[in-house]
> 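Following this message is one structure expressed as structure tokens.
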Amino acid sequence: MGKSSELMPVIDRTSIFERNREFEELAFETRCIDVGNYTGRSTVPIYASVTGESYQRHGDPSRDAVSACVASLEGAAYTLVTASGVSSITLPLLALLQNGDRIVCNRDLYIWTYFFVREDLPRLLNAQVDLADLTDLDALEACLKQGNVRLVCLETIANPLLNVPDIAACCRLAHQYGAKVLVDNTFASPYLCRPLELGADLCSESMTKYMNGHGDALAGSISTNDHEIYYQLQRMMGVLGCCLSPFNSFLVSRGLQTLPMRMERHCDNAERLVEYLAEKPFVKDLTYPGLPSHPQHAIASRQLKRYGGVLCFRLDTSHEKLYNEFLPELKLLRHWVSLGEPHSLISPKGEDPEKGIPADFIRVAVGLEDCGDLIQDLERGFRKLF
């Protein structure tokens with residue numbers, strides 16, 4: 001039967017990135033539109049075919065177009081796109097970790113990534129998992145000093161506390177101890193931050209969020225400048241099969257074209273809402289990287305183009321009134337999970353002492369609506385309580 005290494009040279013898809021060099025001098029906004037679509041049509045068609053020059057699990061023309069475009073936007077040599085955001089984390093962990101390896105993660109991980117590293121990696125790979133506050137470089141180094149750390153995983157803007165680790169400093173420290181660094185860049189998108197340029201070895205995105213931007217497709221991406229890493233990612237895709245469908249590839253390609261203007265609007269609206277909320281005496285623990293009071297404001301100012309479209313706060317009210325009176329009164333801010341779509345979404349979080357999340361910590365993923373309308377929507381809810 002042979003080994004997978006005998007098949008890999010046939011499915012090692014590096015040629016799809018060759019034309020990216022033609023666009024290197026163009027602006028980010030232009031590359032969002034033009035990189036990857038070489039069909040002579042206004043959009044890349046939906047190639048609903050399982051086989052052809054390659055089996056669909058390894059690549060198809062719809063997916064190749066997305067991969068090329070995302071690689072250009074991330075400043076990457078290679079990008080593998082996946083069927084969901086969470087698979088853009090689980091796939092590289094399974095591809096790169098060996099039995100008994102140690103992994104260091106920021107403590108306030110996305111919930112399903114948290115479950116995977118705490119419950120599944122120890123079971124599957126006998127992995128040692130350390131959760132730490134990665135805004136504290138001393139805490140990171142204490143973990144690295146334990147030895148055998150294969151990978152450090154962090155988020156550009158952590159969910160939901162909106163902590164902002166110093167990516168460049170974390171990468172320098174991790175590399176000093178021989179570890180690779182994976183950064184989940186979902187809350188920023190490559191428009192606001194490009195972790196590979198700061199020293200990260202891998203950058204993952206839940207493209208379900210800002211990059212697709214319309215709330216209608218699950219998708220993820222993993223980008224790197226290291227061919228050996230890309231090779232291992234492709235091999236694991238062959239095993240897991242969590243490939244992006246042609247239809248969702250089409251939707252993401254459409255979304256990427258408007259990413260810059262949407263991100264500007266998300267940030268504009270978030271900043272205006274923060275100004276409005278800061279004046280309310282019943283708003284507590286207002287959290288946004290753009291606030292000078294944010295503990296990592298200086299890092300965010302250096303690391304991000306703007307401060308993002310997500311903010312958090314608490315209200316000086318009871319749990320019961322929050323859920324039974326305030327949330328039902330809102331008409332525009334939808335009490336839904338997720339972020340990065342046209343609708344503004346509001347999602348209170350339950351208390352989690354291990355992650356440092358206080359009770360009824362409200363996350364608002366600010367959408368693209370008229371901000372005056374959003375303020376009026378919040379005013380209606382506040383009048384019900386205060």
> Of all the heavy-atom pairs spanning L304 and A188, show the shortest one and how long it is.
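So the minimum-distance heavy-atom pair works out to CD2-CB, 4.2 Å.
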> Check whether any side-chain heavy atom of S293 sits under 4.5 Å from a side-chain heavy atom of L286, and report yes or no.
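No, every pair of side-chain atoms sits at 4.5 Å or beyond.
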> Judged by atom type as modelled, is there a donor-acceptor pair below 3.5 Å linking the side chain of H58 to the main-chain atoms of Q56?
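Between the backbone of Q56 and the side chain of H58 there is no qualifying donor-acceptor contact (under 3.5 Å).
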> Can you give me the closest heavy-atom contact between A217 and N212, atom names plus distance?
N-ND2, 3.6 Å
> Give the C-alpha distance, both sets of side-chain angles, the deciding distance and a yes or no for side-chain contact (heavy atoms from CB on, under 4.5 Å) between L96 and M236.
CA-CA 9 Å; L96 301 178; M236 190 55 62; over 6 Å; no
> Can you name the residues that form a salt bridge (Lys or Arg N to Asp or Glu O under 4.0 Å) with D130, not counting sequence neighbours?
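With sequence neighbours excluded, D130 shows a salt bridge (Lys or Arg N to Asp or Glu O under 4.0 Å) to R102, given in chain and number order.
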> Mind jotting down which residue pairs meet the salt bridge (charged side-chain N to carboxylate O under 4.0 Å, His left out) criterion with at least one end in residues 201-214? Sequence neighbours excluded, please.
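Sorted result for residues 201-214: empty, none.
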> Classify the ring geometry of Y78 against F17: parallel below 30°, tilted from 30° to 60°, perpendicular beyond 60°.
perpendicular
> So C203 and P195, do their side chains get closer than 4.5 Å, heavy atoms only?
yes
> Restricting to salt bridge (Lys or Arg N to Asp or Glu O under 4.0 Å), what partner residues turn up for R380, sequence neighbours left out?
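If we apply the salt bridge (Lys or Arg N to Asp or Glu O under 4.0 Å) test to R380, skipping adjacent residues, the hits are D377.
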> Between E379 and K280, is the closest basic N to carboxylate O distance under 4.0 Å?
yes
> Is there a donor in the side chain of T156 and an acceptor in the side chain of N185, or the other way round, less than 3.5 Å apart?
yes
> Within this structure, what is the CG-CG distance for the pair L339 and N159, rounded to the nearest 0.5 Å?
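Answer rounded to 0.5 Å: 7.5 Å.
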> When you measure from the side chain of R363 to the backbone of C312, do you find a donor-acceptor pair of N or O atoms at a distance under 3.5 Å?
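It does not hold such a pair.
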> Calculate, to the nearest 0.5 Å, the distance between atoms SG and CG belonging to C32 and L256 respectively.
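Going from the SG atom of C32 to the CG atom of L256 covers 6.5 Å.
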> Do you reckon I157 sits in the same ILVMFWY cluster as Y110, going by side-chain contacts under 4.5 Å, direct or chained?
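Each belongs to a different hydrophobic cluster.
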> Just by modelled atom types, is the S249 backbone N or O under 3.5 Å from a matching donor or acceptor in the S253 side chain?
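Flag set: sc S253 to bb S249 pair under 3.5 Å.
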> Show me the pairs that pass ring-ring contact (aromatic ring centres under 6.0 Å, His included) and involve residues 19-57, at least two apart or across chains.
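The answer is F28-Y191.
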> Can you tell if the side chain of V44 reaches within under 4.5 Å of the side chain of F250, non-hydrogen atoms only?
no
> Checking D373 now: which residues fulfil side chain to side chain contact (heavy atoms under 4.5 Å, CB included) with it, not counting sequence neighbours?
L332, D370
> Please enumerate all residues that pass salt bridge (Lys or Arg N to Asp or Glu O under 4.0 Å) together with D316, with sequence neighbours excluded.
none
> Keeping T287 on the side-chain end and D285 on the backbone end, is there a donor-acceptor pair under 3.5 Å?
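Present.
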> Do L121 and V239 belong to the same hydrophobic cluster, where Ile, Leu, Val, Met, Phe, Trp and Tyr are linked whenever their side-chain heavy atoms lie under 4.5 Å apart, directly or via other members?
yes
> Tell me whether L198 is reachable from L154 by hopping between hydrophobic residues (I, L, V, M, F, W, Y) whose side-chain heavy atoms are closer than 4.5 Å.
yes
> Quick check against the 3.5 Å criterion: does R31 have a side-chain atom that pairs as donor or acceptor with the backbone of L26?
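Yes, R31 side chain to L26 backbone: donor-acceptor pair under 3.5 Å.
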> Flag the pair L131 / Y114 as yes when at least one side-chain heavy-atom distance between them is below 4.5 Å, and no otherwise.
yes
> When you measure from the side chain of K355 to the backbone of L109, do you find a donor-acceptor pair of N or O atoms at a distance under 3.5 Å?
yes
> Give me each pair satisfying salt bridge (charged side-chain N to carboxylate O under 4.0 Å, His left out) with a member in residues 137-164, each pair once, sequence neighbours excluded.
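Of all non-adjacent pairs touching residues 137-164, those that pass salt bridge (charged side-chain N to carboxylate O under 4.0 Å, His left out) are D101-R150.
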> Kindly compute the distance separating CD1 (I357) from CG (D352), expressed to the nearest 0.5 Å.
5.0 Å
> How about H297 and Y307: are their ring centroids closer than 6.0 Å?
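For H297 and Y307, the ring centres are under 6.0 Å apart.
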> Taking side chain as C-beta onward, heavy atoms only, is R254 less than 4.5 Å from D216?
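Yes, their side chains come closer than 4.5 Å.
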> Are side-chain N/O atoms of T135 and D133 paired as donor and acceptor at under 3.5 Å?
yes
> In this structure, would F326 and L374 fall into the same cluster of hydrophobic residues linked by side-chain contacts under 4.5 Å?
yes
> May I ask you to check whether over 12 heavy atoms, not counting those of R123, lie within 6.0 Å of atom CZ?
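Atom CZ in R123 is crowded, with more than 12 foreign heavy atoms closer than 6.0 Å.
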> Sequence neighbours excluded, which residues qualify as side chain to side chain contact (heavy atoms under 4.5 Å, CB included) partners of S245?
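Listed in chain order: F247, N248.
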> Kindly say whether G255 contributes a backbone atom to a donor-acceptor pair with the side chain of R262 at under 3.5 angstrom?
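Yes; at least one donor-acceptor contact below 3.5 Å.
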> Can you list every ring-ring contact (aromatic ring centres under 6.0 Å, His included) pair that touches residues 253-293, not counting sequence neighbours?
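Applying ring-ring contact (aromatic ring centres under 6.0 Å, His included) to every pair that reaches into residues 253-293, excluding sequence neighbours, yields Y210-H266, F282-F382, F282-F386.
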> Charged N to carboxylate O below 4.0 Å: is that the case for R194 and E197?
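Yes, charged N to carboxylate O under 4.0 Å.
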> Measure across L378 and L330 and return the closest heavy-atom pair with its distance rounded to 0.1 Å.
CA-CD2, 4.2 Å
> Can S206 and T186 be counted as having a side-chain donor-acceptor contact under 3.5 angstrom?
no
> Are any side-chain N or O atoms of R334 and backbone N or O atoms of L345, one a donor and one an acceptor, separated by less than 3.5 Å?
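No.
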> Out of curiosity, C153 SG to L93 CG, how far, rounded to the nearest 0.5 Å?
5.0 Å
> For L244 and D60, work out which heavy atoms get closest and say how close.
O-OD2, 4.4 Å
> Is there a donor-acceptor contact under 3.5 Å from the side chain of E351 to the main chain of A359?
no
> Of all the heavy-atom pairs spanning C170 and P165, show the shortest one and how long it is.
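Heavy-atom minimum between the residues: SG-CB, 4.4 Å.
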> With clusters defined by side-chain heavy atoms of hydrophobic residues (ILVMFWY) lying less than 4.5 Å apart, directly or transitively, does V86 cluster with I222?
yes
> Mind checking whether N269 and R265 have side chains closer than 4.5 Å, heavy atoms only?
yes
> Could you give all pairs that pass the ring-ring contact (aromatic ring centres under 6.0 Å, His included) test and reach residues 341-365, with sequence neighbours left out?
W336-H343
> Please check: side-chain N/O of R306 versus main-chain N/O of S301, any donor-acceptor pairing under 3.5 Å?
no
> List in chain and number order the residues that pass ring pair (Phe, Tyr, Trp, His ring centres under 6.0 Å) with F187, two or more places apart in sequence or in another chain; answer none if no residue qualifies.
none
> Thinking salt bridges, do K3 and E6 make one under a 4.0 Å N-O criterion?
no
> Could you note down all residue pairs passing ring-ring contact (aromatic ring centres under 6.0 Å, His included) where residues 141-174 supplies at least one of them, sequence neighbours left out?
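Sorted pair list comes back empty.
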> Measuring only between side-chain heavy atoms, which start at C-beta, is Q128 closer than 4.5 Å to N126?
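Counting from C-beta outward, Q128 and N126 do come under 4.5 Å.
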> Answer whether the closest heavy-atom distance between the side chains of I103 and V149 falls below 4.5 Å.
no
> Hydrogens and angles aside, do T90 and S87 bring a side-chain donor and acceptor to less than 3.5 Å of each other?
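Their side chains do not contain a donor-acceptor pair, so the 3.5 Å distance test is not met.
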> So which heavy atom on V283 is nearest to which on F313, and how close?
CG1-CB, 3.8 Å
> Enter the distance from L202:CG to Y230:OH here, rounded to the nearest 0.5 Å.
13.0 Å
> Under 3.5 Å, is there a donor on one side chain and an acceptor on the other for N37 and T39?
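Looking only at side-chain atoms, T39 and N37 do form a donor-acceptor pair, the distance falling under 3.5 Å.
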